[in-house]
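Both ligands and their constituent atoms are indexed starting at 1 by order of listing. Just so you know, these numbers come straight off a predicted model, no measurement behind them. Counting begins at 1 with the first residue of the sequence.
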Amino acid sequence: MCGIVGEVGNDNAVELLIHGLKKLEYRGYDSAGIYVNDEKGNDYLIKTKGRIAELEKKITDDVHGKIGIAHTRWATHGIPSAANAHPHVSEDGRFYMVHNGVITNFKELKNEYLSDVHFESETDSEVVVQLVGKFASEGLSALEAFKKAISLLGEGASYALLMIDRENPETLYVAKKKSPLLIGVCDGFNVVCSDAMAMLNVTHDFIELHDGEIVELTENQIKIQDKDGNPVERKPFHVSQDASASEKGAYEHFMLKEIDEQPAVMRKLVQEYVNENGKVEIDEKLIKTIEESDRIYVVAAGTSYHAGLVGHELIEKFAGIPTEVHVASEFAYNRPLLSKKPFFIFLTQSGETADSRQVLNQVNELGYPSLTITNVPNSTLSREATFTLLLYAGPEIAVASTKAYTAQIAVEALLAKAIGDDLGFEDSKAFDIRQELSTVANGMQTLVDEKEKIEALAQKYLAKAHNAFYIGRAIDYDTAIEAALKLKEVSYIQTEGFAAGELKHGTIALIEEGTPVISIITDQTIAAHTRSNEEEVVARGANLISIVSEKLATKKDQIVLPTVHPLLTSLVAIIPAQLLAYYASEQRGYDVDKPRNLAKSVTVE
Ligand code: F6R
């Protein structure tokens, strides 16, 4: 969601910024723009609706610069258009700015301070640059005007801001609150970006910024001040990730690459968390803190929430601690009655999701301990929680989450096992997680190797479908709702994940001749029941696809799942569902990696 890059001091500003924007494409966007200035009086502002490729077409050979800012916008206020794309410019043409986040009180600010100013866009963002222009015209320095404008932004505002003053194009002004932003330290120049991935080609050393901080960045100076104006010294952290980890290689789409990577991610997690003796090695302090709690609250959004539903089964079974799973956006404003000693787990691939962060802020204010399970080291939720566990899944670029989902479930299993073992529980001791995750990895591999079969099923049943259902019971229901989300978000087929037994209580009215119904059956104890639900939909004309564990499978079942531990079946059952979604999207001619209206990192509430 909205990507920001900036640089100061490098003669190849255009090349650097466009490369950075391309690396941030995965976040989702609908327009893009760039401003560069060569510090000799030449400057260029180029914006477009649509893809970065469109922006590149508009960048002629004469466009060059030594300082610049660039942006991909995901529309919130105002339609996707060149006018609404960033950078925005102050009315007098002096200040150029890009913004990620939301200015909640932009209408009030417009009315109070800017009634005589002409706005070029419908965005909330433009108000900030117009305020700076106004305050500077009244005699404030660029920095003072920048700070004053920021001080007026409402309590609920979120922002990552980069600004260039045309009259002093040697300094990049930077500010951050809630929205992610990092300074990249380079040799002879400096960069800014919303995600380290954008600048890994020029540096691996980044300085994190805290909320309320303001930075003056030149080619050889990084001057940070806190919200009270005190200077801040902060050492860079090193990002070891290889820039090539975010390349597509021979794959046509990141989604397929990431589906294929899942067996390797399972093995990597075993390597990272399990020692030679089969013991799960997790910070003892974290384990003890969880053991002291009387209830675990798992908070997450979207696919991560679905991973939480599966994790709930694992934690209660092996760690024996009552666990509740909550949708972050609901929890923040409709908080349930909390137990006396709660412990919070935030599941978040990106570590930046605003809905989850809103809950973490509340948890921190209440003084409760928390853990963030994330794929992104040093992400906001990782920094702000008491503890962090990493997913080690490698960059997930496709908007639809695949490998982060399975990695989240595996890390929850590892955590549950570590607690259960520490407490001496028999069920946990008998759970040989190294063996179980290796079996899962092999099972996943078998399934990803069956791509052609799944592609054919998608062609037959989904390529022309209008709506579809996934059904399952118990843990298969948890998988079914994630499978349904995957299918609907990339293929735009309206899909519901349904508790198989609940269908007959109303929703079965929607089943008609040819409606695809995909059932998931892995649990022996309720297999017979789901089988009767299959009969019910077939009798009403549904096209049935059954995804069934090998011990329960019959000749009629189209997809057979290799046997894995009963509480880890989601890890294998989701693979054909991810592939069905992928192929349905491709066959219907959609942009698989960047589905419409979606963003990878959802940094607005
Ligand atoms: C769906 C998807 C989203 C995310 C959700 C939370 O494929 O990716 O539903 O799971 O936006 O994001 P994170 O996990 O980054 O907090």
In Å and rounded to the nearest 0.5 Å, what is the NE2 to CZ distance from H210 to R383?
-> 5.5 Å

Name of the residue among T402, T303, T495 meeting side chain to side chain donor-acceptor pair (under 3.5 Å) with K486 = T303

Taking the six-membered ring where the residue is Trp, are the ring centres of Y582 and H253 under 6.0 Å apart?
-> yes

Carboxylate-amine/guanidinium proximity below 4.0 Å for R51 and D30 | no

How close does the nearest protein non-hydrogen atom get to atom 13 (P) of ligand 1, and which residue and atom is it?
-> T353 OG1, 3.2 Å

Salt bridge (Lys or Arg N to Asp or Glu O under 4.0 Å) between R357 and D211: does it pass, once the steps are laid out?
-> CA-CA 13 Å; R357 187 178 183 215; D211 284 354; 2.7 Å; yes

Just need the protein heavy atom nearest to atom 15 (O) of ligand 1, so name the residue and atom and give the distance.
-> S350 OG, 2.6 Å

Kindly say whether the aromatic ring centers of Y590 and Y492 come within a distance under 6.0 Å.
-> yes

Report the nearest protein non-hydrogen atom to atom 4 (C) of ligand 1: residue, atom name, distance rounded to 0.1 Å.
-> T303 N, 4.0 Å

Could you list the atoms of ligand 1 found under 4.0 angstrom from a heavy atom of K486?
-> 1 (C), 7 (O)

Just which atoms of ligand 1 are under 4.0 Å from any heavy atom in A400?
-> 7 (O)

Which heavy atom of the protein is the closest neighbour of atom 5 (C) of ligand 1, given with residue, atom name and distance?
-> A301 O, 3.6 Å

Mark up the atoms of ligand 1 that fall under 4.0 Å of a heavy atom belonging to E489, in ascending order.
-> 1 (C), 7 (O)

Any side-chain donor paired with an acceptor under 3.5 Å for S401 and Q349?
-> no

Could you tell me whether E324 and R295 make a salt bridge, using a distance below 4.0 angstrom between a side-chain N and a carboxylate O?
-> yes

Which of the atoms of ligand 1 are close to S304, meaning less than 4.0 Å from one of its heavy atoms?
-> 10 (O), 13 (P), 14 (O)

Ranked by distance from atom 11 (O) of ligand 1, the top protein heavy atom is V602 CG2, 4.0 Å

For S356 and ligand 1, answer yes if some heavy atom of the residue is under 4.0 Å from a ligand atom, otherwise no.
-> no

Can E352 be said to touch ligand 1, with heavy atoms closer than 4.0 Å?
-> no

Should T402 be listed as contacting ligand 1, given a heavy-atom distance under 4.0 Å as the test?
-> no

